[in-house]
Amino acid sequence: MALRCLPSVAVLVATLFIAHPALAAVPADLDARVESSMKSHGVPGLAIAIVEDGKPVLAKGYGVRKLGSPERVDADTIFPTGSTGKAITTAALAVLVDEGKLKWDDKVIDHMPGFRMYDPWVTNEMTVRDLLVHRSGLGLGAGDLMFVPASSRSRADTVHALRYIKPATSFRSGYAYDNVLYAVAGQLIEEVSGQSWEVFVRERVLKPAGMTSSVTEQSARFANPNRAYPHGRVSGRVRGVGEQSVLDERKTLGDNGAPAGGLSSSANDMAHWMQVQLGHGTWTNPEGKQVQVFSEAQSKEMWTPATLMPLPSWPPKLKAAQPKFSAYALGWNVTDYGGAKLIAHGGAIFGVQTYIVLIPERNLGIAVQMNAEDVQVMRGIALELIDHYLGAPKNDWVAAFDEFMQLRLDGGLAALDATAKTRASKAGASLPVSGYAGKYADAWYGPITIALDKSAQDKGGLRIDFTQSPGMAGRLEHWQHDTFRTVWDDSSIEPAYVTFGLDAEGKVDRVTFKPVSPIADFSYDYADLQFVPVQDAAVKAH
């Protein structure tokens, strides 16, 4: 998935653009372009919503909801929207700000007395705004394994565990994308409003915005027959290589992480959401009535840059697609493209991706949703639509993103080959397999078990179970020395190296992890884990 903000849509050099024309009609060849791109990349389904001058001009589905099934994607098919839902959580906070129940620069601890960061000073200084703008000092994706794969732990327990995550940098010193603080924001909404994030968002944001098919609970998504299923390429040596396959939709994200990326929505509803955003909190519903979801003052706050983001470096075919500035606001990325300001965000959970972009000066919004991980199709189509409306020359951005993705995959495979060459495959383990078995706990993740597996003695003879992540279990195969490699029962989970550290008496006193794939999604933050035997643990096993 990772509940992540996809790389920001970049910019074309302004001099390439013709003078700003009036908004154009939907491209006449859009259907053919979408369908050919999907076919050439094996993408099962996709949906597009476009809003011009405050009105939806397109809400349409393409392809199928699930490989091997005939049901088609339509404008009401719901897709998990990943991190684009961060703006929904921010909007819910904006409603509370409008009501005078909190302020953006209130200290979090004043509303949540039990809130704690690792550093007591940061605990006392953290504001509501800080929760939303990725400048907390936490590392990239810190704590994501508490959400993905789906977790059995509560949101309150997840927020409690935050105090054990060590910072990577000093507070407010720079940008590092996280999801865990949006879970805190969701819990904050509950503690201030008296309603859960799920209920408050549904009643105070989705309903007023006319988003009638959108759902906040995973169970509600599973109950909707008109839903897109996740797909991915997980049979190769790195994720993204191999045949497209249907993934287990029930393992992608836990409800505890929903405020960071658990909303599911349709093209029709995304159109309504863009109307609200472009209307600075107010939209005109189908009955012609103006409905305010949040105030214009809060709209301005949500679009105001707070944290500078590092600029990307693109390969040759994407060099023209490089922003001149990029910053994070409240649930939105603010960047530029062809002389226009973009308010945008990407979102992904494993097997499903979403991208939404607003161009306020044109009163234009575009959203693309896709039930696959072939991001080049979604981002390429979105960028080609932006070009169309900005009057830029036509460019095959799908092909340009293909180059970017292929370079990434090739680099990952080359790194795996290099690692294999340095492997000391004949270097045996220090202990018999029984010496590694036991119960362990990490301060922020909680418990795991490593047990003997007599049915796999020739493969190492051990099984590992991340007990609070249902289905995250598998074999441990010996790699070298005291390092083993996970072979998860679910092949869509990124494998990890598991290294046992021994004390002076030759007993295991710590267990550390590292992703096998050098291009593993950052939500597999294995490197942040350090497990200790439970009997020696100084922390509670959550």
Side-chain angles (χ1 to χ4, degrees), residues 3-11 82-98 102-112 115 117 119 121-143 162 167-186 188-189 192 259-261 277 280-281 294-312 323-337 340-347 356-360:
L3 298 165
R4 62 184 184 272
C5 174
L6 297 170
S8 103
V9 164
V11 296
S83 286
T84 62
K86 286 180 167 64
I88 296 283
T89 294
T90 301
L93 289 168
V95 171
L96 293 172
V97 173
D98 279 332
L102 56 76
K103 298 182 178 67
W104 295 113
D105 295 311
D106 282 355
K107 302 292 178 65
V108 175
I109 200 168
D110 289 342
H111 296 282
M112 296 176 65
F115 169 76
M117 296 290 285
D119 185 320
W121 184 83
V122 176
T123 298
N124 290 324
E125 294 298 315
M126 181 77 71
T127 66
V128 176
R129 191 185 307 273
D130 287 322
L131 294 177
L132 309 173
V133 297
H134 310 300
R135 63 184 183 190
S136 68
L138 293 175
L140 174 65
L162 175 62
T169 64
S170 58
F171 185 45
R172 296 179 183 153
S173 64
Y175 172 85
Y177 194 81
D178 75 78
N179 293 298
V180 68
L181 291 179
Y182 271 83
V184 176
L188 174 64
I189 289 168
V192 171
Q277 285 293 321
H280 304 290
F294 48 82
S295 68
E296 185 172 355
Q298 304 320 321
S299 172
K300 181 179 179 181
E301 288 278 355
M302 288 186 278
W303 287 3
T304 298
T307 306
L308 289 176
M309 297 171 63
L311 296 178
K324 295 174 183 175
F325 77 91
S326 185
Y328 205 87
L330 306 186
W332 291 99
N333 172 225
V334 183
T335 187
D336 65 309
Y337 187 90
K341 181 171 76 171
L342 304 189
I343 309 296
H345 212 290
I356 180 170
V357 58
L358 309 170
I359 306 180

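Just so you know, residue 1 is the first one in the sequence shown, and it goes up from there. Only this structure's heavy atoms are used, side chains among them; waters, hydrogens and symmetry mates stay out.
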Note: Ala176 and Gly139 closest approach over all heavy atoms is CB-C, 4.2 Å
- prompt: Are the side chains of Tyr337 and Val357 in touch, meaning some heavy atoms are under 4.5 Å apart?
  reply: no
Value for CG (Leu162) from CE (Met126), rounded to nearest 0.5 Å, stands at 7.5 Å
pair Lys107-Glu125: side-chain heavy atoms closer than 4.5 Å: yes
Practice item. Please confirm whether the backbone N or O of Lys103 pairs with a side-chain atom of Asp106, one donor and one acceptor, at under 3.5 Å? Key: yes
Between Val97 and Leu102 the two heavy atoms that sit nearest each other are CG2-CD1, 3.2 Å
*Taking Asp98 for the side chain and Phe294 for the main chain, is one N or O donor matched with an acceptor at less than 3.5 Å?*
no
One should read off an interatomic distance between Leu308 CG and Arg135 CZ, to the nearest 0.5 angstrom, of 11.0 Å
Strictly distance-based, threshold 3.5 Å: is any side-chain N or O of Tyr182 a donor or acceptor partner for the main-chain N or O of Gly331? yes
Side chain Tyr328, main chain Val334, donor-acceptor under 3.5 Å: no
Taken to the nearest 0.5 Å, the spacing of Leu188 CG from Phe115 CZ works out to 9.5 Å
Side-chain contact, heavy-atom cut-off 4.5 Å: Ser136 with Asp130? no
Short question: side chain of Lys341, backbone of Asp336 - any donor-acceptor pair under 3.5 Å?
no
Shortest non-hydrogen pair, Asp105 vs Thr127, comes out as O-CG2, 3.7 Å
Correct closest heavy-atom pair for Thr90 and Leu330 would be CG2-O, 3.4 Å
Does one side chain, of Asn333 or Ser326, offer a donor that lies under 3.5 Å from an acceptor on the other? yes
| said: Is the ring pair His134/Tyr175 parallel, tilted or perpendicular, if the boundaries are 30 and 60 degrees? | reply: perpendicular
Checklist entry - Considering only heavy atoms from C-beta outward, does the side chain of Val122 approach that of Pro167 to under 4.5 Å? => result no
Close side-chain approach of Phe325 to Pro305, heavy-atom, < 4.5 Å: no
Rounded to the nearest 0.5 Å, the CG atom of Asp119 sits from the CG atom of Asn124 at a distance of 9.0 Å
Output for pair (Ile359 CD1, Leu342 CG), nearest 0.5 Å, gives 5.0 Å
Rounding to 0.5 Å, atoms NZ (Lys86) and NE2 (His345) come to a distance of 6.0 Å
>> Any side-chain to backbone donor/acceptor pair from Thr84 onto Gly347? Under 3.5 Å, distance only.
In response: no
**Prompt:** Under a 4.5 Å cut-off applied to non-hydrogen side-chain atoms, are Leu93 and Trp104 in contact?
**Reply:** yes
Heavy-atom check, side chain of Trp332 versus side chain of Gln277, under 4.5 Å:
yes
ask   = Run the side chain to side chain contact (heavy atoms under 4.5 Å, CB included) check on Tyr177 and Met309 step by step: do they pass?
value = CA-CA 10 Å; Tyr177 194 81; Met309 297 171 63; over 6 Å; no
Heavy-atom check, side chain of Leu138 versus side chain of Met117, under 4.5 Å: yes
For Val133 and Thr307 the tightest heavy-atom approach is O-OG1, 2.9 Å
Exercise for the section: Would you confirm whether Ser299, through its side chain, and Gly281, through its main-chain N or O, come within 3.5 Å as a donor-acceptor pair? Expected result: no
query: Is there a donor-acceptor contact under 3.5 Å from the side chain of Ser83 to the main chain of Gly261?
result: no
